[in-house]
Amino acid sequence: MNRRPTLLAALTLTAAAALTLSACGSDDSSKAKPNDKIAGADSGDEASPSATASASGAGGRPEIELPSDVTYKFEWKKTGDAGKDAVLSDAEQRIKAVDMAIARQDPLDKAYRFYSDGTAAAGSQKYIQEFVDHKARTTGLTRYYNETVTIKDDGTAALVYCEDQSKAFNKFLKTGKTDVTPVTKDSYVVYAGTLRKNDKGVWVTERLISQRGSAKCRP
C-alpha cells in the first residue's frame, strides 16, 4: 500500500467523525484508519526538512518546512465563503504539519498539534511514532480533491475529502530505498473529519477517520 507500508500497523480511530464514511461514498466504515499523510527525513541532508515551506501567518501559525521531494497537489477550490475557505486552509496546513513531524522524526512536534486536538491529535501522534520506530518516511506527490465542507449551527465544521497516494511511496532511512508499489484501489483514500475554531481563530481538527478504496475517490 502506498504511503502506508505493510510493516507499519494500521491504526484505528474509535471516535466517529461528524460525517460517517457511508455518507461520503465509503463502502466499509469498519476499516476506518487515522488520517495524515507522510513525509520525512532521509539519512542525508533531509534529516533537517527544507525546501518546500509554508510561512507563518495569522494566529501564530507555525512555519511548515518539508523536504523538496515531498510535494502536494491540492485541488481544493475556493468556495467564496470566508469560513469554509479558512477550514480548507487550516486542514491543508495540518496535513503538511504531520508530514513535517515525520520529517523531524518527532511524534510530539508542535506544528501538527497546533492544528489538531482530541482523538485526531492522538491518532496523529501514534501514526508519526510508527514511522519513527521503523525509521521510515515517504517521498513523492500526493493529490487532494473532491472536497466537501459544511459549517454547522453548533460551530463545528465537517470536512470530507479524497487523497490520491498513487505517486507517493515509502522510503526507509537505513537503506535509502524507495518502495515503489503498484497502484491499486487502496491508493485512493477518503477522509471525514470534524473541526472546531479555537480561541486563536484556527480551525482545529478534533476527530478524523479514513477509508481506503472508496468508490468516491477512485478514478
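Of all heavy-atom pairs spanning Leu208 and Gly193, the tightest one is CD1-CA, 3.6 Å. Shown here for Ala111 and Met100, the closest heavy-atom pair between the two residues is CB-CE, 3.4 Å. Residues Phe114 and Pro62 come closest through the heavy atom pair CD2-CD, 3.5 Å. The shortest non-hydrogen separation linking Arg207 to Ala120 is N-CB, 3.9 Å. Counting all heavy atoms, side chain and backbone alike, Ala121 lies closest to Tyr112 at O-CE1, 3.9 Å. Of all heavy-atom pairs spanning Ala136 and Leu173, the tightest one is N-CG, 4.1 Å.
A donor and an acceptor atom, one from each side chain of Tyr188 and Gln165, are nowhere located under 3.5 Å apart. Using a 3.5 Å distance cut-off with no hydrogens or angles, the side chains of Thr184 and Asp186 do not pair a donor with an acceptor. Under the 3.5 Å distance criterion, with hydrogens and angles disregarded, a donor-acceptor pair is assigned to the side chains of Arg94 and Thr205.
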side-chain hydrogen bond (donor to acceptor under 3.5 Å, both in side chains) between Tyr72 and Asp99, worked out: CA-CA 11 Å; Tyr72 311 86; Asp99 286 357; 2.4 Å; yes
From CA spacing to verdict: side-chain contact (heavy atoms from CB on, under 4.5 Å), Lys84, Ile151: CA-CA 7 Å; Lys84 291 180 179 180; Ile151 298 180; 4.1 Å; yes
Chi angles and distances behind the side-chain contact (heavy atoms from CB on, under 4.5 Å) call for Tyr115, Val204: CA-CA 5 Å; Tyr115 290 106; Val204 174; 5.9 Å; no
Working for side-chain contact (heavy atoms from CB on, under 4.5 Å), residues Phe131 and Asn170: CA-CA 10 Å; Phe131 285 89; Asn170 297 306; 4.2 Å; yes
Verdict with supporting geometry, Asp90 and Arg61, salt bridge (Lys or Arg N to Asp or Glu O under 4.0 Å): CA-CA 9 Å; Asp90 285 345; Arg61 287 167 171 76; 3.1 Å; yes
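A distance of 9.5 Å separates OG of Ser116 from CD of Gln125, quoted to the nearest 0.5 Å. Between atom CZ of residue Arg137 and atom CZ of residue Arg104 there is a gap of 15.0 Å, rounded to the nearest 0.5 Å. Residue Tyr191 holds its OH atom at 9.0 Å from SG of Cys217, rounded to the nearest 0.5 Å. Interatomic distance, Phe74 CZ to Ser89 OG, rounded to the nearest 0.5 Å: 10.0 Å. Between the OG1 atom in Thr178 and the CZ atom in Phe169 there is a gap of 8.5 Å [rounded to 0.5 Å]. In this structure, CD in Glu63 is found 10.5 Å from CD in Gln93, a value given to the nearest 0.5 Å.
Each of Glu163, Lys73, Glu92 was checked for a side chain to side chain donor-acceptor pair (under 3.5 Å) with Tyr144, and the lone residue meeting it is Glu163. Checking Leu195, Leu88, Leu159 one by one against Trp203, the side-chain contact (heavy atoms from CB on, under 4.5 Å) holds for a single residue, Leu195.
Side-chain contact between Pro107 and Val132 is present, with at least one heavy-atom pair separated by less than 4.5 Å. Using a 4.5 Å heavy-atom threshold, the side chains of Lys216 and Val160 count as touching. Residues Asp179 and Lys171 fail the side-chain proximity criterion, which asks for heavy atoms closer than 4.5 Å. No side-chain heavy atom of Thr148 sits less than 4.5 Å from a side-chain heavy atom of Tyr161. Counting heavy atoms from C-beta outward, Thr139 and Val70 have side chains that stay 4.5 Å or more apart.
Residues passing the side-chain contact (heavy atoms from CB on, under 4.5 Å) test with Asp153: none are found, sequence neighbours excluded.
Using a 4.0 Å cut-off between charged nitrogen and carboxylate oxygen, Arg196 and Asp117 do not count as a salt-bridge pair. Salt-bridge annotation for Asp85 and Lys78: absent, with no side-chain N of the basic residue lying under 4.0 Å from a carboxylate O of the acidic one. Ion pairing between Arg143 and Asp164 holds under the 4.0 Å rule for side-chain N and carboxylate O. Between Lys126 and Glu130, none of the side-chain N atoms (NZ, or NE/NH1/NH2) sits under 4.0 Å from a carboxylate O, so this pair counts as no salt bridge. Under 4.0 Å is where a charged nitrogen must lie from a carboxylate oxygen, and between Lys77 and Glu75 no such pair does.
The distance between the ring centers of Trp76 and Tyr145 does not fall below 6.0 angstrom.
Judged by the 6.0 Å and 45° rule, Lys135 forms no cation-pi pair with Phe172.
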